[in-house]
Asker: 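Have a look at this one before I ask anything.
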Protein chains: 2
Amino acid sequence: MDLSKENGALAVEVLDLIFRATRYIQHEYEIKLESLSLPFQLSGPRLRLLLMVWRAEKIRMSELASKLGVKPRTVTELVDALERDGVIHRIPDPNDRRATLLHLTEEALNQINRVRSVQMQISDEILQKFSEEQRTQLHELLSAFFEGKEIDFVY
Amino acid sequence: MDLSKENGALAVEVLDLIFRATRYIQHEYEIKLESLSLPFQLSGPRLRLLLMVWRAEKIRMSELASKLGVKPRTVTELVDALERDGVIHRIPDPNDRRATLLHLTEEALNQINRVRSVQMQISDEILQKFSEEQRTQLHELLSAFFEGKEIDFVY
DNA sequence: TATTGTTATACTCTATAACTATA
DNA sequence: TATAGTTATAGAGTATAACAATA
């Protein structure tokens with residue numbers, strides 16, 4: 001009996017469920033975020049970048065790229081869009097004239113609490129079937145993916 | 001004390017972990033799939049479509065679109081690429097001359113077992129930290145997302 | 001009239017390569 | 001010589017709208 005194939009079959013199903021859950025959650029998120037009528041567009045990648053800048057307060061584009069797991073060119077693109085929408089400012093790094101620091105605009109800071117509060121609401125709704133205990137279980141299991149990994153790469 | 005916010009905060013973290021796990025898994029998959037040197041390009045969306053056609057043996061483009069959760073126009077685009085690569089054939093539906101049936105080419109059928117076997121291997125590797133019991137637990141928890149949903153939409 | 005899949009077009013995310021300014 | 005971020009360019013995935021063929 002080929003045990004590795006049996007393990008593999010279960011493993012494929014588990015990873016497939018993770019993919020499907022992500023697609024489902026993204027779908028729900030998009031719908032709910034749209035109904036927020038924010039004064040700027042907020043896709044998944046943009047929200048991710050935005051929240052990272054928010055947590056860091058100010059951050060270099062290159063550091064952001066490495067944390068997001070994308071190339072610097074991609075950050076340039078996203079930041080261009082977010083700057084156009086008045087969400088992000090570029091400011092020169094006083095300590096290194098090659099570098100650019102990002103920080104959120106007043107407008108973004110005003111909206112960010114609203115976004116985060118709705119994010120919590122949506123997340124709670126999506127997980128409504130799950131008990132507190134189940135949520136904690138999921139949290140513990142999924143955390144194992146990232147144990148022992150460098151913390152700079154956030155995925 | 002605002003309990004809904006406390007729940008929300010845990011929920012956000014759980015969903016965030018699911019997103020991160022997906023990004024991590026996709027990253028691993030891409031690397032390993034590349035090293036397979038298949039005679040055709042196989043991105044995530046293409047593999048997903050391919051396996052769906054494979055499971056169905058033959059399927060209409062419109063049905064495929066609804067199962068994949070994308071618009072028909074997107075299926076046209078993906079199928080164009082896969083047909084160019086000699087993986088998929090379009091054949092007219094004998095029962096409805098508006099419709100097109102998709103099926104895999106000989107070449108694709110020859111490669112599909114290899115792809116699936118490597119998929120199992122990769123999945124098992126990615127979950128190497130997880131015991132049989134933990135995998136089953138994850139499987140059960142994540143399945144709950146889709147309980148009571150229409151089965152046509154696979155996400 | 002409604003459905004199937006297409007052409008025409010466009011947007012977002014992502015990337016590589018070549019370049020400019022600075023370190 | 002190396003690094004930070006840009007311009008130039010491109011490809012994949014996704015979509016809307018208008019349309020042709022067929023039901």
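All heavy atoms count here, side chains included; hydrogens, waters and symmetry mates do not. Residue numbering restarts at 1 for every chain, and letters A, B, ... go by the order of the sequence lines.
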Asker: Which whole-number value in Å describes the distance from A/Leu68 CG to C/dA15 P?
Answerer: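 It works out to 10 Å between those atoms.
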Asker: In whole angstroms, how far is the P atom of D/dG13 from the CG atom of B/Leu64?
Answerer: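 Those two atoms, CG and P, are 14 Å apart.
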Asker: Could you pull out all donor-acceptor pairs under 3.5 Å where a side-chain atom in residues 96-103 of chain A meets a protein atom, sequence neighbours excluded?
Answerer:
residue, atom, partner, partner atom, Å
A/Asp96, OD1, A/Arg98, N, 3.0
A/Asp96, OD1, A/Arg98, NE, 3.2
A/Asp96, OD2, A/Arg60, NH2, 3.4
A/Asp96, OD2, A/Arg98, NH2, 3.0

Asker: Which one of B/Leu109, B/Leu49, B/Ile59 satisfies the side chain to side chain contact (heavy atoms under 4.5 Å, CB included) criterion with B/Trp54?
Answerer: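 In the set B/Leu109, B/Leu49, B/Ile59, the residue that makes a side chain to side chain contact (heavy atoms under 4.5 Å, CB included) with B/Trp54 is B/Leu109.
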Asker: Pairs in or reaching into residues 32-45 of chain B: which pass salt bridge (charged side-chain N to carboxylate O under 4.0 Å, His left out), with residues at least two apart or in two chains?
Answerer: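 Passing the test, one end in residues 32-45 of chain B: B/Glu28-B/Lys32, B/Lys32-B/Glu125.
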Asker: Atom CG of B/Leu101 and atom P of C/dG5: how far apart are they, to the nearest Å?
Answerer: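 Between P of C/dG5 and CG of B/Leu101: 8 Å.
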Asker: Return the value, rounded to whole Å, for the distance between atom CE of A/Met61 and atom P of C/dT22.
Answerer: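 Computing the A/Met61:CE to C/dT22:P distance gives 17 Å.
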Asker: Hey, is the side chain of A/Arg97 poking within less than 4.0 Å of OP1 or OP2 on D/dG5, counting only N and O atoms?
Answerer: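 For D/dG5, neither OP1 nor OP2 has a side-chain N or O of A/Arg97 closer than 4.0 Å.
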Asker: Using a cut-off of strictly less than 4.0 Å between a heavy atom of the residue and any atom of DNA chain D, enumerate the qualifying residues of residues 72-96 of chain B by number.
Answerer: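 Close to the strand are B/Arg73, B/Thr74, B/Glu77, B/Leu78, B/Asp96.
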Asker: So, using salt bridge (Lys or Arg N to Asp or Glu O under 4.0 Å) as the criterion, who are the partners of B/Arg84 when residues are at least two apart?
Answerer: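 B/Arg84: no salt bridge (Lys or Arg N to Asp or Glu O under 4.0 Å) contacts found.
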Asker: Within this structure, what is the CD-to-P distance between B/Gln41 and D/dG11, rounded to whole angstrom?
Answerer: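 In whole Å, D/dG11 P lies 13 Å from B/Gln41 CD.
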Asker: Would you say C/dC13 has OP1 or OP2 under 4.0 Å from some side-chain N or O of A/Ser43?
Answerer: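 For A/Ser43, the contact criterion (side-chain N or O under 4.0 Å from OP1 or OP2 of C/dC13) is met.
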Asker: Could you give the CD-to-P distance, from A/Gln26 to D/dT14, as a whole number of Å?
Answerer: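 Those two atoms, CD and P, are 11 Å apart.
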Asker: B/Glu107: what forms a salt bridge (Lys or Arg N to Asp or Glu O under 4.0 Å) with it, not counting sequence neighbours?
Answerer: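 Not a single residue meets the salt bridge (Lys or Arg N to Asp or Glu O under 4.0 Å) criterion with B/Glu107.
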Asker: Tell me who clusters with B/Ile31, hydrophobic residues only, linked when side chains sit under 4.5 Å apart either directly or through other members.
Answerer: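 Besides B/Ile31, the cluster holds no residue at all.
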Asker: Rounded to the nearest angstrom, tell me the gap between atom CG in B/Leu102 and atom C1' in C/dT6.
Answerer: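 Rounding to the nearest Å, CG of B/Leu102 and C1' of C/dT6 are 14 Å apart.
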Asker: Considering heavy-atom distances to DNA chain C, does A/Lys71 or B/Arg98 have its closest nucleotide positioned more toward the 5' end?
Answerer: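 Nearest nucleotide further toward 5': that of B/Arg98.
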